[in-house]
There are 2 protein chains.
Amino acid sequence: MNATHQDLTRNQTLVLDTLAKADGPLSAYTILDRLRGDGFRAPLQVYRALEKLLGFGLVHRLESLNAFVACAHPHCHAHGLIAFAICEDCGQVDEFSDAVVRERLGAWSADNGFKAEKTTIEIRGHCANCAAA
Amino acid sequence: MNATHQDLTRNQTLVLDTLAKADGPLSAYTILDRLRGDGFRAPLQVYRALEKLLGFGLVHRLESLNAFVACAHPHCHAHGLIAFAICEDCGQVDEFSDAVVRERLGAWSADNGFKAEKTTIEIRGHCANCAAA
DNA sequence: CGCGACATGTAATGATATTACATTGCGAAG
DNA sequence: CTTCGCAATGTAATATCATTACATGTCGCG
Ligand SMILES: [Zn+2]
Ligand SMILES: [Zn+2]
Ligand SMILES: [Zn+2]
Ligand SMILES: [Zn+2]
C-alpha cells in the first residue's frame with residue numbers, strides 16, 4: 001500500500017491526471033467525457049479508478065458536490081482529517097486541516113463510544129477573490 | 001419566517017412527519033414511497049417540501065448519504081454549525097454541535113477571506129451499540 | 001369579480017452510481 | 001512452457017438521486 005504514482009494503472013493515471021490538470025472539482029461523468037479520446041467508454045472505468053485513487057489518498061471526494069478533486073498535498077499525508085472550503089462562484093477548492101477540530105471531534109467520538117471511520121468537513125461559500133467582486 | 005409547525009402546508013407536514021417517525025435518514029424516493037397512500041405521485045412533491053423544511057431548519061440533509069433527517073433539536077436551534085455522527089451499521093444519526101469547532105473553522109475562514117455560507121460536518125462510523133457487537 | 005402569490009400536480013429528462021457478466025493481461029506454481 | 005489465479009478492464013444494463021418545464025388549484029385582497 002501507500003502506492004506511489006508509479007504503481008498506478010493506465011486508467012488510474014489518466015483519471016488522476018485529468019483531476020490534477022483541472023482547475024476545480026470534476027464529476028465522474030465530466031472525467032469520463034474528458035477521457036473519451038483516450039478510449040474511455042463507460043462510467044465504471046472512471047468509478048473504478050476513483051475508488052483506487054481514493055484509497056491511495058491521491059484523490060478526495062466532495063460529498064456536497066458529488067465531485068472529486070486531486071489531493072492538494074499528496075505527499076505530507078497527515079490526512080487524519082481534512083476540511084475543504086469550496087467557492088460556489090469560481091469552484092476553487094481549498095484543502096486544509098486543523099488539529100484542534102480533529103481533537104474536538106475525536107473527543108466527541110470518545111465520549112459517545114462512536115468509532116469514527118471517515119470524517120467529512122466541507123464549507124460552502126465564497127473565496128476571497130469572488131467575495132471582493 | 002422561523003416558521004412553526006402550524007405554518008406548514010399539507011405536503012410539508014406529511015414529509016416532516018414521515019422523517020420524524022423514521023428511525024434514521026430517508027432518501028427522497030423512500031419518503032415518496034411512504035407517502036403514496038397519501039396521494040404523493042412524483043419526486044417533486046417531496047423535493048419541494050424538503051426545500052422548505054430545510055429552509056425552516058426542521059430538516060437536515062446528509063450530504064454523504066443523499067438523505068434527509070428531521071432535526072433532533074428543532075427548538076433550541078441556536079446552533080450555527082451542526083455535526084452529524086452517522087452509524088454505518090444501524091443508520092442511527094446523532095446530531096450535535098461544538099462551539100470550539102465552529103470557532104476554529106470560523107477563524108480559518110476569517111484568516112483566508114472566505115465567506116462561509118454553509119458548513120457540513122459528517123462523521124461516518126459505528127455507534128456505541130453496533131461497535132460493541 | 002379579477003388579480004397575484006404561492007402551493008400543487010404531472011410528465012419528462014438529466015445527473016450520479018452500481019450490478020452483472022465477459023474478457024484480458026500477467027506473474028506464480030507446477 | 002503451461003496452467004492457474006487474481007486484478008484490471010470492457011460493455012451493457014439498470015438503479016438511484018435530482019431538476020426542468022408547464023399546467024392547474026387555492027386563497028386573500030383590492
Ligand atoms: Zn489531500
Ligand atoms: Zn471564488
Ligand atoms: Zn438540527
Ligand atoms: Zn449503530
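Note on naming: letters A, B, ... go to the chains in the order of the sequence lines (proteins, then strands), and numbering restarts at 1 for each one. Only heavy atoms go into these numbers, but all of them, side chains included; no hydrogens, no water, no symmetry mates.
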Name all pairs fulfilling the salt bridge (Lys or Arg N to Asp or Glu O under 4.0 Å) condition that reach into residues 20-47 of chain A, sequence neighbours left out, sorted by first residue then second. A:Asp33-A:Arg36

Think A:Lys52 has a side-chain N or O under 4.0 angstrom from the OP1 or OP2 of D:dA7? no

To the nearest angstrom, how far is A:Gln45 atom CD from D:dG10 atom C1'? 6 Å

Using the C1' atoms of five pairs at each end, what's the angle between the two axes of the helix from C:dC1-D:dG30 to C:dG30-D:dC1, to 10 degrees? 10°

Residue pairs, two or more places apart or on separate chains, that pass salt bridge (Lys or Arg N to Asp or Glu O under 4.0 Å) and touch residues 107-117 of chain B: none

Let me have a per-nucleotide readout for nucleotides 12-18 of chain C, 5' to 3', with B, S or -, counting only protein heavy atoms under 4.0 Å. ----BBB

Plane angle bin for A:Tyr47 and A:Tyr29 - parallel if under 30°, tilted between 30 and 60°, otherwise perpendicular: perpendicular

Is it true that A:Ser64 and A:Arg124 share a donor-acceptor pair across their side chains at a distance under 3.5 Å? yes

Below 4.0 Å: OP1/OP2 of C:dT8 and any side-chain N or O of B:Thr9: yes

Look at the side chain of A:Glu122 and the backbone N and O of A:Glu63, then say whether any donor-acceptor pair between them is shorter than 3.5 Å. yes

Nearest whole angstrom, please: distance from the P of D:dC17 to the CD of A:Glu63. 14 Å

Whole-Å gap separating P (D:dA8) and CG (A:Leu14): 15 Å

If we ignore hydrogens and angles and just use 3.5 Å, is the side chain of A:Gln92 paired with the main-chain N or O of A:Cys87 as donor and acceptor? no

Over how many whole Å does the gap from B:Leu50 atom CG to C:dA7 atom P extend? 15 Å

So which heavy atom on B:Pro25 is nearest to which on B:Val69, and how close? CA-CG1, 3.5 Å

Please list, chain by chain and in numerical order, all residues satisfying ring pair (Phe, Tyr, Trp, His ring centres under 6.0 Å) with A:Phe40, sequence neighbours excluded. none

Over how many whole Å does the gap from B:Asn11 atom CG to C:dT10 atom P extend? 11 Å

Considering only heavy side-chain atoms of A:Arg48, the closest of C:dT8, D:dG10, D:dA8 is D:dG10

For A:Leu8 and D:dA7, give me the distance from atom CG to atom P, rounded to whole Å. 17 Å

note: B:Asp7, atom CG; D:dG28, atom C1'; distance rounded to Å ~ 16 Å

My understanding is that only residues two or more places apart in sequence, or in another chain, count here; which of them pass ring pair (Phe, Tyr, Trp, His ring centres under 6.0 Å) with B:Phe84? B:His60

Given atom CG of B:Leu32 and atom C1' of C:dA11, what is their separation to the nearest angstrom? 14 Å

